[in-house]
Protein chains: 2
Amino acid sequence: MGEKNDCLKLENQMCFPLYAAAREVVKLYRPHLDKLNLTYTQYIAMMVLWERGQCSVKELGEKLCLDSGTLTPVVKSLEQKGFVRRFRSSEDERILLVELTDSGRSLSDSARDIPERVGACLNLTPEEGAVLHGLLYKILGR
Amino acid sequence: MGEKNDCLKLENQMCFPLYAAAREVVKLYRPHLDKLNLTYTQYIAMMVLWERGQCSVKELGEKLCLDSGTLTPVVKSLEQKGFVRRFRSSEDERILLVELTDSGRSLSDSARDIPERVGACLNLTPEEGAVLHGLLYKILGR
DNA sequence: CTTAATTTAATTGTGTTCAATTTAATTATA
DNA sequence: TATAATTAAATTGAACACAATTAAATTAAG
């Protein structure tokens, strides 16, 4: 039979379901984020800021596993929308600090119920969710 | 305490580790795929073709959870590289069929060891891999 | 102190990803 | 049969994602 190529079948790979499921879950967020005038990437950047209030682009990149090529336009767009301020650190002018505005901070009120709403569409039990969460963080080495 | 916002912490979300891990795993493929002159998206399209030999853009999209906006340039690029031929079905001119060339078919020889090499970098036991695989397919509803 | 190395963002170019629209072909309906 | 509805790809425009390069600021080394 052709089982010499079974290793190349889509359903036997890890990459395919991982990548497809990730895009699927991001799509579940979209209608909720539209109401906040945020894209998904802007949303996860805001989550870091809701937790910290302020951080540098470098720290944002470390938290989100994204580089400045991605983050520079994301942060500029958040500034355009009035959710953050951008300014250079006075101690080290290389560092760009990103800080929540009042508008950006209060946006978390409208975001608070999104994870639960999305989670309910996921068809995973809480136990399955916890297992998946753990395995993903193991892949991320965190 | 601030636990009213715990639900908005990055590490308590499903979306973040899922999306980040997916990109991380795609990055693991890149050096191997560079040798085949394939991007990741081109690679998963080729996997469908290695299995079927020929299929329509629509079928490719259903298998990969991608639409024609993504696949049209991917398939054109594969044609440029000489790995596939594109032609309209004679029975239904709406349908674009994509077919492996000899060059595209023989590329699978060089691809066969990639999944194992990438898997070895993943730091998951076979059991963990199987569990993850099952949970991801559950999210995908397949 | 001066030069070299490093660090931080920004920029550039390629390749997705997706929503929305368009075009052409086919099928269903009046 | 004409017309309407549907289907399959392609196109368009916006937003990532990332490698590679650049520019400016800081730090380290001679």
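Below, read A as the first sequence line, B as the second, and so on, with proteins coming before strands; counting in each chain starts at 1.
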**Asked** Which salt bridge (Lys or Arg N to Asp or Glu O under 4.0 Å) pairs, counting each pair once, include a residue from residues 45-54 of chain A, with sequence neighbours left out?
**Response** none

**Asked** What nucleotide among D/dA8, C/dT11, D/dA10 has an atom nearest to a side-chain atom of B/I95?
**Response** D/dA8

**Asked** Can you give one letter per nucleotide of nucleotides 20-27 of chain C, going 5' to 3': B for a protein heavy atom under 4.0 Å from the base, S for sugar-phosphate only, - for none?
**Response** -----BS-

**Request:** Starting from C1' on D/dC16, measure out to CG on A/L71 and report it in whole angstrom.
**Result:** 10 Å

**Asked** Should A/R30 be listed as having a side-chain N or O under 4.0 Å from OP1 or OP2 of D/dA15?
**Response** no

**Item:** Near-strand residues of residues 31-50 of chain A, defined as heavy-atom separation under 4.0 angstrom from DNA chain D
**Value:** A/T39, A/T41, A/Q42

**Message:** What is the distance, to the nearest angstrom, from the CG atom on A/L96 to the C1' atom on D/dT26?
**Reply:** 16 Å

**Item:** Test log, rule side chain to side chain contact (heavy atoms under 4.5 Å, CB included), inputs B/I139 and A/L132
**Value:** CA-CA 11 Å; B/I139 289 178; A/L132 178 56; 3.7 Å; yes

**Request:** Just grab all the ring pair (Phe, Tyr, Trp, His ring centres under 6.0 Å) pairs involving residues 22-77 of chain B, residues at least two apart or on different chains.
**Result:** A/Y19-B/Y40, B/Y29-B/Y43

**Asked** Using 4.0 Å as the upper bound for N to carboxylate O, is an ion pair formed by B/E99 and B/R85?
**Response** yes

**Item:** Contact list for DNA chain D against residues 56-66 of chain B - heavy-atom distance below 4.0 Å
**Value:** B/S56, B/V57, B/K58

**Prompt:** Please, which pairs that meet salt bridge (Lys or Arg N to Asp or Glu O under 4.0 Å) have at least one residue in residues 63-77 of chain A, sequence neighbours excluded?
**Reply:** none

**Message:** Check this for me: does any side-chain nitrogen of one of B/E79 and B/R86 sit under 4.0 Å from a carboxylate oxygen of the other?
**Reply:** yes

**Approximate separation, where rounding is to 0.5 Å, of B/I114 CD1 and B/E116 CD** = 12.0 Å

**Fill in**
Sorted by number, residues from residues 20-27 of chain A placing a heavy atom under 4.0 Å from DNA chain D are none

**Message:** Tell me every residue that passes ring pair (Phe, Tyr, Trp, His ring centres under 6.0 Å) with B/H133, counting only those two or more places apart in sequence or in another chain.
**Reply:** B/Y137

**Asked** B/E11: what forms a side chain to side chain donor-acceptor pair (under 3.5 Å) with it, not counting sequence neighbours?
**Response** none

**Fill in**
So the ring pair (Phe, Tyr, Trp, His ring centres under 6.0 Å) pairs with at least one residue in residues 80-131 of chain A (sequence neighbours excluded) are none

**Prompt:** What salt bridge (Lys or Arg N to Asp or Glu O under 4.0 Å) pairs are there with at least one residue in residues 126-142 of chain A, not counting sequence neighbours?
**Reply:** A/E128-B/K138, A/K138-B/E128

**Request:** If a pair satisfies salt bridge (Lys or Arg N to Asp or Glu O under 4.0 Å) and one of its residues is in residues 26-41 of chain B, list it, with sequence neighbours excluded.
**Result:** none

**Asked** What do you reckon, is CZ of B/R117 surrounded by more than 12 foreign heavy atoms closer than 6.0 Å?
**Response** no

**Message:** With a 4.0 Å cutoff (strictly under), does any side-chain N or O of B/R88 reach OP1 or OP2 of D/dA10?
**Reply:** yes

